[in-house]
Amino acid sequence: MVDTLILDLLYPEEARRPPMAMKDYSDEFRADAVGLYESTPGATYKSIAADLGINRATLREWALRDRERRGVTTAATKPAVPRRDAASCADPDERVRQLEARVAELEASEAKLATERDILRKAAKYFAGETNW
């Protein structure tokens with residue numbers, strides 16, 4: 001009883017929230033969520049989890065389990081976000097490299113959007129109870 005009062009005083013926003021129910025996600029949804037996170041350069045667990053409406057820690061756990069299953073180390077999992085220079089370069093070769101990097105970034109963004117769309121379609125199908133889309 002005293003512990004809950006202390007916690008209520010320390011974290012009042014947590015005290016007002018009802019306890020969350022455990023949700024059961026399909027293996028396909030989990031794989032899609034992890035795939036979306038892994039394929040999105042610069043994405044964070046928080047941003048992808050918010051997009052999908054799931055808890056950040058849940059997505060992190062799924063990603064860690066997937067990496068463990070595949071035998072991948074955490075250091076080599078996500079590529080760094082390429083930097084873009086604001087100033088245009090006078091060197092044509094450098095400009096071509098910048099444009100190629102931008103094309104790659106846009107292609108990654110397109111792939112992310114396609115994956116999100118597919119996840120939303122599957123979710124809509126699941127919640128509508130229809131299987132003939």
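As the structure is a prediction and not an experimental result, all values here were calculated from the model. Numbering starts at 1 and runs along the sequence shown.
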Undergrad: Do other residues, nucleotides or ligands put more than 12 heavy atoms under 6.0 Å from the CZ atom of Arg60?
TA: no
Undergrad: What heavy-atom pair brings Ala63 and Glu38 nearest, and what distance separates the two atoms?
TA: CB-OE2, 4.4 Å
Undergrad: Would Glu61 and Asn55 count as a side chain to side chain contact (heavy atoms under 4.5 Å, CB included) here? Give the steps.
TA: CA-CA 10 Å; Glu61 182 65 29; Asn55 188 306; over 6 Å; no
Undergrad: Measure the spacing between CG of Leu36 and CZ of Phe29 and express it to the nearest 0.5 Å.
TA: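 Between atom CG of Leu36 and atom CZ of Phe29 there are 9.5 Å.
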Undergrad: Would Trp62 and Tyr25 count as a close aromatic pair, with their ring centres under 6.0 Å?
TA: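 Yes, the ring of Trp62 comes within the 6.0 Å limit of the ring of Tyr25, centre to centre.
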Undergrad: Using every non-hydrogen atom in the two residues, find where Ala33 and Leu52 come nearest and quote the distance to one decimal.
TA: CB-CD1, 3.5 Å
Undergrad: Drop me the distance from Ile119's CD1 to Asp51's CG, to the nearest 0.5 angstrom.
TA: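 Spacing of CD1 (Ile119) from CG (Asp51) equals 9.5 Å.
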Undergrad: Assess whether a salt bridge exists between Glu100 and Arg97, defined as any Lys/Arg side-chain N lying under 4.0 Å from an Asp/Glu carboxylate O.
TA: no
Undergrad: Any donor-acceptor pair under 3.5 Å linking the side chain of Ser47 with the backbone of Ala43?
TA: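 Flag not set: sc Ser47 to bb Ala43 has no pair under 3.5 Å.
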Undergrad: Contact between Gln98 and Arg102 at the side-chain level, heavy atoms closer than 4.5 Å - yes or no?
TA: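 The answer is no; the side chains never approach within 4.5 Å.
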Undergrad: Quick one: does Ser109's side chain have a donor or acceptor within less than 3.5 Å of a partner on Glu105's backbone?
TA: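 A pair under 3.5 Å: no.
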Undergrad: What do the steps show when you test Lys125 against Arg121 for side chain to side chain contact (heavy atoms under 4.5 Å, CB included), and what is the final call?
TA: CA-CA 6 Å; Lys125 190 187 306 185; Arg121 281 185 180 166; over 6 Å; no
Undergrad: Quick one: do Lys122 and Asp118 make a salt bridge, cutoff under 4.0 Å?
TA: no
Undergrad: Would you call Thr40 and Glu116 a side-chain contact if the rule is heavy atoms closer than 4.5 Å?
TA: no
